[in-house]
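Proteins get letters first, then strands, A, B, ... in listed order; numbering begins at 1 in each.
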Amino acid sequence: MTPRRRCWLMKSEPEDFSIDDLARVGVEPWTGVRNYQARNFMRDGMREGDRVLFYHSNCNVPGIYGIAEVASAAYPDPTQFDGRSKYFDPKARPEEPRWFLVDVRYVETLERPILLSRIREAEASLGDDFALIRRGTRLSVLPVSSAQYNTLLALE
DNA sequence: GCCAACGTTGGC
DNA sequence: GCCAACGTTGGC
């Protein structure tokens, strides 16, 4: 029996990479995560087929704009070794990579995005372990329980 | 191991 | 552009 899909939320700045960009390319390696906790979620928690809420951050109207899915197991982020990349990490060595990523596949664009303002209104029904709106949390990759996932999508 | 300084995130 | 909050760095 296949294990149940886990759910995640992944943030992206739409000026950098939006849900429309993902729709265009289909599958994208999620480069550039340089936070250990977020890395651990990708490396240790994600499995192919897991659901992903695609969140637009640092923009005029932040919120969940689409659905994606995890399209690979975790593997070393190649940009950590690329001296010309803005994600280059001089302390990372190929025989001992620091940063990992997964490929992310487009699933759908929400007809009506689930805006952060709306999510805040529903805070009580999401429980206090929802990291997106927990004060001071800036994780760009975070776990979402299936109850939270359903609650969020019901807000659409 | 402490902690000040610095850089980054991300909403507003 | 502001700035609160957090993570990381590096001197000691």
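- Residues A:Y87 and A:M42 do not share a hydrophobic cluster, defined by chaining ILVMFWY side chains whose heavy atoms lie under 4.5 Å apart.
- Residue contacts for A:L132: at a heavy-atom cut-off of 4.0 Å it reaches no nucleic acid atom on any strand shown.
- Within the nucleic acid shown, A:R134 has no heavy atom closer than 4.0 Å to any nucleic acid atom.
- A:F54 is listed as a side-chain neighbour of A:F17, based on a closest heavy-atom distance under 4.5 Å.
- With no hydrogens or angles considered, a side-chain donor-acceptor pair links A:D129 and A:Q148 at under 3.5 Å.
- Contact footprint of chain A on DNA chain B: nucleotides with an atom under 4.0 Å from a non-hydrogen protein atom, first to last in 5' to 3' order, B:dT8 to B:dC12.
- Nearer to the 5' terminus of DNA chain C, by closest-nucleotide assignment, is the contact made by A:N58 (compared with the other of A:R138 and A:N58).
- Closest-nucleotide positions on DNA chain C for A:K91 and A:N35 were compared, and the one nearer the 5' end corresponds to A:N35.
- Looking at A:R98 and A:Y36, their side chains do bring a donor and an acceptor atom within 3.5 Å of each other.
- Looking at A:D82 and A:T79, their side chains never bring a donor and an acceptor atom within 3.5 Å of each other.
- A 4.5 Å side-chain heavy-atom check between A:Q80 and A:P97 finds at least one atom pair inside the cut-off.
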